[in-house]
There are 2 protein chains.
Amino acid sequence: MTANDVSRPTDAELEILKVLWERGTCTVRDVFEVLSAARETGYTTTLKLLQIMFEKGLVSRDESQKSHVYKARAKQQATQRMLVTDLLTRAFGGSTEKLVVQALAAKKASKEELAEIRRLLNELEGDEQ
Amino acid sequence: MTANDVSRPTDAELEILKVLWERGTCTVRDVFEVLSAARETGYTTTLKLLQIMFEKGLVSRDESQKSHVYKARAKQQATQRMLVTDLLTRAFGGSTEKLVVQALAAKKASKEELAEIRRLLNELEGDEQ
DNA sequence: TCCTTCCTACGAAACAATTCGTAGATCAGA
DNA sequence: TCTGATCTACGAATTGTTTCGTAGGAAGGA
């Protein structure tokens with residue numbers, strides 16, 4: 001799997017990517033500390049996962065220090081878009097509307113969020129004319 | 001795993017559920033025929049998957065005939081909502097807005113769909129006041 | 001009745017994802 | 001220098017998912 005043909009990250013991989021996006025760059029220990037705060041997990045588990053993610057091209061790393069420094073290769077938004085597209089295809093028959101409806105039903109957005117969505121809607125409908 | 005504690009269906013399971021939702025009830029052969037039209041797959045693979053899904057409580061079955069008749073236990077919308085909720089949590093930090101934005105960016109909805117979303121938005125904002 | 005076809009059940013292989021133990025290198029402080 | 005802490009690498013166990021081969025039973029037609 002090359003960098004340009006990255007597939008859906010697994011659950012554990014996504015958890016790690018979230019930490020990397022949040023902090024920019026991380027050592028294994030940095031990531032481990034965040035993960036282990038949320039749930040029981042072992043240091044070498046995190047290490048192994050980052051090594052695998054490196055092989056897959058999901059992350060890059062700087063090996064110039066003793067503690068390697070990892071970085072997500074894809075932007076958060078790009079990965080989010082990939083995941084939404086995947087779900088759209090697998091579960092919603094490609095219907096963006098059905099997905100959006102279920103998303104809004106699943107967890108009600110705040111007033112501000114709804115306004116933001118409305119703004120986007122205006123833009124999109126503007127394009128269409 | 002009981003019927004009330006069903007977890008995210010796997011990719012293969014979701015494919016089968018889609019067929020069941022579409023047709024209501026199906027024999028293994030019915031499902032197999034639909035799946036094999038889309039891609040190479042074996043009859044006993046479909047059979048085994050349906051047996052596993054039955055054990056997991058994802059489907060029910062009528063064994064009164066020689067060919068068992070399967071039926072999805074959860075409604076399509078309920079499963080869709082579960083999957084969206086799952087993605088919302090795993091990839092979007094619970095932000096419905098971010099998910100909706102990415103969904104609309106991923107695949108542009110038609111004019112009619114956008115209007116439908118706008119209608120829903122009006123409803124939601126109405127509630128809020 | 002015998003043969004073919006279709007069905008279920010089931011074990012197991014193949015593969016992927018996750019976890020962890022252990023080994024060896026490096027480095028800092030006593 | 002010795003000791004302990006920390007790092008990477010890596011093999012392997014474990015668990016979950018998907019695929020498929022084979023066996024045995026039931027049904028229908030020649």
Side-chain angles (χ1 to χ4, degrees), chain A residues 1 5-20 25-71 79 83 86 90-91, chain B residues 1-2 5-20 25-71 79 83 86-87 90-91:
Chain A
M1 197 182 309
D5 174 38
V6 187
S7 67
R8 187 159 44 127
T10 66
D11 287 5
E13 287 168 352
L14 186 58
E15 256 193 324
I16 289 179
L17 286 175
K18 278 165 82 174
V19 178
L20 293 176
T25 59
C26 287
T27 62
V28 175
R29 184 146 302 272
D30 293 335
V31 175
F32 168 70
E33 232 116 69
V34 175
L35 295 190
S36 65
R39 63 182 178 83
E40 188 72 14
T41 186
Y43 177 83
T44 56
T45 301
T46 305
L47 170 66
K48 181 67 164 184
L49 281 167
L50 276 163
Q51 286 170 345
I52 290 171
M53 291 169 76
F54 177 65
E55 281 165 25
K56 287 188 182 175
L58 285 171
V59 299
S60 60
R61 74 178 176 193
D62 174 358
E63 305 178 3
S64 65
Q65 304 299 317
K66 186 193 171 194
S67 298
H68 299 174
V69 177
Y70 289 83
K71 198 171 177 312
T79 302
L83 290 169
D86 176 72
R90 283 191 304 116
Chain B
M1 198 183 307
T2 71
D5 173 41
V6 186
S7 68
R8 188 159 44 129
T10 67
D11 287 6
E13 287 168 351
L14 186 57
E15 257 193 321
I16 289 179
L17 286 174
K18 280 165 81 173
V19 178
L20 293 177
T25 60
C26 287
T27 62
V28 175
R29 183 146 303 274
D30 292 336
V31 174
F32 168 70
E33 232 117 70
V34 174
L35 295 189
S36 65
R39 63 183 178 83
E40 187 72 15
T41 186
Y43 177 84
T44 56
T45 301
T46 305
L47 170 66
K48 181 67 166 184
L49 280 167
L50 277 163
Q51 285 171 344
I52 291 170
M53 292 169 75
F54 177 64
E55 282 165 23
K56 288 187 182 176
L58 285 171
V59 298
S60 59
R61 73 178 175 192
D62 173 359
E63 305 179 3
S64 65
Q65 303 299 316
K66 187 193 171 193
S67 299
H68 299 173
V69 177
Y70 289 83
K71 199 170 175 314
T79 302
L83 290 170
D86 175 72
L87 188 65
R90 282 191 305 115

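Fair warning: this is a prediction, and the values are worked out from it, not measured in the lab. The chains referred to below are lettered A, B, ... by the order of the sequence lines, with proteins before strands, and numbering in each begins at 1.
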Exercise for review: Tell me, please, which residues at least two apart from B:Glu63 pass side chain to side chain donor-acceptor pair (under 3.5 Å).
Suggested key: B:Arg61
**Study point:** A:Thr44: side chain to side chain donor-acceptor pair (under 3.5 Å) partners, not counting sequence neighbours
**Key:** none
Practice item. Measure the distance from CZ on A:Arg8 to C1' on C:dA16 and round it to the nearest whole Å. Key: 12 Å
Check your understanding: Is any side-chain nitrogen or oxygen of A:Arg39 closer than 4.0 Å to OP1 or OP2 of C:dT19?
Key -> yes
Practice item. Describe the nucleic acid contact of A:Thr10 in one word from base, sugar-phosphate, nothing, applying a heavy-atom distance below 4.0 Å. Key: sugar-phosphate
Review point. When you check the gap from the basic side-chain N to the acidic O, do A:Lys56 and A:Glu13 get nearer than 4.0 Å?
Key: yes
**Study point:** With A:Val19 via side chain to side chain contact (heavy atoms under 4.5 Å, CB included) - residues at least two apart
**Key:** A:Arg23, A:Cys26, A:Val31, A:Val34, A:Leu35
Nucleotides 1-10 of chain C: which of its N/O atoms have a protein N/O under 3.5 Å away?
| unit_1 | atom_1 | unit_2 | atom_2 | d |
| --- | --- | --- | --- | --- |
| C:dC6 | O2 | B:Lys66 | NZ | 2.8 |
| C:dC7 | OP1 | B:Arg29 | NE | 3.1 |
| C:dC7 | OP2 | B:Arg29 | NE | 2.6 |
| C:dC7 | OP2 | B:Arg29 | NH2 | 2.5 |
| C:dT8 | OP1 | B:His68 | N | 3.2 |
| C:dT8 | OP2 | B:Tyr43 | OH | 2.8 |
| C:dA9 | OP2 | B:Gln51 | NE2 | 3.1 |
| C:dA9 | OP2 | B:Arg61 | NH1 | 3.2 |

Exercise for review: Using the test side chain to side chain contact (heavy atoms under 4.5 Å, CB included), find all partners of B:Gln65 that sit at least two apart in sequence or belong to another chain.
Suggested key: none
Practice item. Give a yes/no on whether any side-chain N or O of A:Lys56 is located under 4.0 angstrom from OP1 or OP2 of C:dA16. Key: no
Practice item. Could you check how far CZ of A:Phe54 sits from P of D:dA9, rounded to whole Å? Key: 9 Å
Practice item. Calculate the interatomic distance between B:Leu50 atom CG and D:dT18 atom P; express it in whole Å. Key: 13 Å
Point to revise | B:Leu49 CG to C:dC15 P, straight-line distance once rounded to whole Å | key: 17 Å
Exercise for review: Could I get the full list of ring pair (Phe, Tyr, Trp, His ring centres under 6.0 Å) partners for A:Phe54, not counting sequence neighbours?
Suggested key: none
Point to revise | Shortest side-chain distance from B:Ile52, nucleotide among C:dA17, D:dT18, C:dC20 | key: D:dT18
**Study point:** Nearest non-hydrogen partners of A:Thr41 and A:Phe32, listed with the distance
**Key:** O-CE1, 3.2 Å
Study note, to complete from the structure: A:Leu14 CG to C:dA17 C1', in whole Å, measures 14 Å
Point to revise | Gap between atoms CD and P, on A:Glu55 and C:dT18 respectively (whole Å) | key: 15 Å
Study note, to complete from the structure: Between CD of A:Glu13 and P of C:dT18 the distance, given in whole Å, is 6 Å
